[in-house]
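A short write-up of the structure that comes next.
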Number of protein chains: 2
Amino acid sequence: MEALTIHEAAQTTGWTPRMLRYIERIGLIEPARTESGYRQYGAGELQRLRTLRELLAEHEIGLGDVAFALRLRRDEPLSGAVDSWLEAEPQRPEAVSADEWLRWEQEKHARIIAALTTNETMETAA
Amino acid sequence: MEALTIHEAAQTTGWTPRMLRYIERIGLIEPARTESGYRQYGAGELQRLRTLRELLAEHEIGLGDVAFALRLRRDEPLSGAVDSWLEAEPQRPEAVSADEWLRWEQEKHARIIAALTTNETMETAA
DNA sequence: CCAACCTTGACACAGCTTTGATAAGGTTGC
DNA sequence: GCAACCTTATCAAAGCTGTGTCAAGGTTGG
């Protein structure tokens, strides 16, 4: 159960030491340090490094994307703002009358406000 | 309730026509089109363009970040994968024994698997 | 005490993103 | 029918990302 050094961790996970430092810098995996500052990668970190590789490869995303997702989950005001902005985009109103469409927009806005003030969980329908 | 052309929309929202096309290309705001293909920006789009500006400015994020958030919300396998990867990072285990720590890691993994297989909604504690 | 690690920091380069400018051509309204 | 729009496509520049490499210096273990 010895912790690995950065070079050892790099070897067993397929990253380079350089990238492990980069991944740490963007906040994704921050290994413990020894007294003197050496990084220590344990089994958990190694596992996460490997699954991180898969995650990037399988979904065509970048480290920056994962870092942003992490930021979203840590910065509640941010995720709230992003969510409410995205929320205001259900589907395009087809050919509706101007009045009808305006009312629909206003109701949508009201729905968003309501969703924001009552901070309930929203369910993602399967 | 007239729809604005791209130049008019750009003027009233502070974007450039070029950027409105770009914002459309990355999927954030896709205005309706006339028969002949001209973009039509309605009040809803204008509002969203303005709030998009605020969103970017207030939270130091980029269009690509918002586009990724949109992708997250549309691509369930992706968001599931990202979430479960991020989930596996509660806090650093302090000085614990190797056995203890290994067990803790395994349990964490089990928790993640459980959370994945029973696709229930997770609650974001306030 | 020295070889072989580790640390941070800097320079660098390829490739992608963001944004502008410009070209070639269609639409519209007077 | 022409001025003033619009469209798409392309070239280009500026900036960011991901990655390598090197330098100057600390740590470690025989």
Side-chain angles (χ1 to χ4, degrees), chain A residues 2-42 45-46 48-72 82 85 92, chain B residues 2-42 45-46 48-50 52-72 82 85:
Chain A
E2 4 50 89
L4 303 193
T5 67
I6 193 171
H7 278 263
E8 294 165 336
Q11 291 243 307
T12 67
T13 60
W15 295 99
T16 59
R18 180 64 164 89
M19 286 313 294
L20 294 191
R21 297 198 184 95
Y22 184 65
I23 288 168
E24 178 179 11
R25 213 167 83 64
I26 65 180
L28 293 187
I29 292 181
E30 302 175 327
R33 300 292 189 111
T34 66
E35 284 273 338
S36 56
Y38 285 20
R39 290 172 180 81
Q40 295 183 115
Y41 291 86
E45 274 91 9
L46 299 180
R48 280 168 64 64
L49 283 170
R50 294 197 194 93
T51 55
L52 180 57
R53 277 190 147 291
E54 292 169 23
L55 183 63
L56 300 190
E58 287 177 28
H59 295 277
E60 287 278 354
I61 64 180
L63 289 170
D65 292 323
V66 183
F68 181 67
L70 175 60
R71 190 179 159 199
L72 273 182
V82 171
W85 190 87
R92 191 134 330 278
Chain B
E2 6 47 90
L4 302 192
T5 67
I6 193 171
H7 277 263
E8 294 165 337
Q11 290 244 306
T12 67
T13 60
W15 295 97
T16 59
R18 178 67 165 89
M19 287 311 294
L20 294 193
R21 296 199 185 95
Y22 184 65
I23 288 169
E24 178 179 11
R25 214 168 85 63
I26 64 181
L28 294 186
I29 293 181
E30 301 174 327
R33 300 294 189 109
T34 67
E35 284 272 339
S36 57
Y38 285 21
R39 290 172 181 81
Q40 296 183 115
Y41 290 87
E45 273 91 10
L46 299 179
R48 279 169 64 64
L49 284 170
R50 293 197 194 95
L52 180 57
R53 276 191 148 292
E54 293 169 22
L55 183 64
L56 299 190
E58 287 176 29
H59 295 277
E60 287 278 354
I61 65 179
L63 290 171
D65 293 324
V66 182
F68 182 67
L70 175 61
R71 188 180 160 197
L72 274 182
V82 171
W85 191 87

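By convention in this document, chain letters (A, B, ...) are assigned in the order of the sequence lines, proteins followed by strands, and residues within each chain are numbered from 1.
Distances shorter than 4.0 Å separate some side-chain N or O of A:Thr5 from OP1 or OP2 on C:dC6. In this structure, B:Ser36 does not reach the D:dT7 phosphate: none of its side-chain N or O atoms is under 4.0 Å from OP1 or OP2. For A:His7, a side-chain nitrogen or oxygen approaches OP1 or OP2 of C:dC6 to under 4.0 Å. When the side-chain nitrogen and oxygen atoms of A:Arg39 are compared with OP1 and OP2 of C:dT8, one or more of them lie within a distance under 4.0 Å.
Using a 4.0 Å heavy-atom distance criterion, A:Thr34 is classed as making no nucleic acid contact. Backbone-only engagement by B:Arg33 is indicated by non-hydrogen atom pairs under 4.0 Å involving sugar-phosphate atoms exclusively.
Judged by distance alone, with hydrogens and angles left aside, the side-chain atoms of B:Arg48 form no donor-acceptor pair with the main-chain N or O of B:Ile29 at under 3.5 Å.
The two residues A:Leu20 and A:Ala10 make their nearest non-hydrogen contact at CD1-N, 3.7 Å. For the pair A:Gln40 and A:Glu45, the tightest heavy-atom approach, listed with the atom from each and the gap, is O-OE1, 4.4 Å.
One atom, CH2 of A:Trp15, and another, P of D:dT19, lie 6 Å apart when rounded to the nearest Å. The CD-P distance, from B:Glu8 to D:dA4, rounds to 15 Å in whole Å. Per the geometry, CG belonging to B:Leu56 stands 10 Å off P belonging to C:dT18, to the nearest Å. One can place CG of B:Leu63 at 10 Å from C1' of C:dT17, the figure rounded to the nearest angstrom. Separating the CG atom of B:Leu20 from the C1' atom of D:dT8 is a distance of 16 Å, rounded to the nearest angstrom. In this structure, B:Ile61 atom CD1 and C:dT18 atom P are separated by 12 Å, rounded to whole Å. Atom CD in A:Gln40 sits about 11 Å away from atom P in D:dT28, given to the nearest Å. Put simply, OH on A:Tyr22 is 12 Å from P on D:dC16, counting in whole angstrom units.
A:Leu56 places none of its side-chain heavy atoms less than 4.5 Å from the side chain of A:Asp65.
A salt bridge does not link A:Glu60 to B:Arg71: none of the charged side-chain nitrogens sits closer than 4.0 Å to a carboxylate oxygen.
Candidate nucleotides C:dT8, D:dG20, C:dT18 were compared by shortest atom distance to the side chain of A:Arg21, and C:dT8 ranks first. Proximity note for A:Ile6 (side chain, C-beta onward) versus C:dT7, D:dG20, C:dT19: the nearest is C:dT7.
In terms of position on DNA chain D, the residue among A:Gly64 and B:Arg18 whose nearest nucleotide sits closer to the 5' end is B:Arg18.
A donor N or O paired with an acceptor N or O is found under 3.5 Å between the base of C:dG26 and the side-chain atoms of B:Tyr38.
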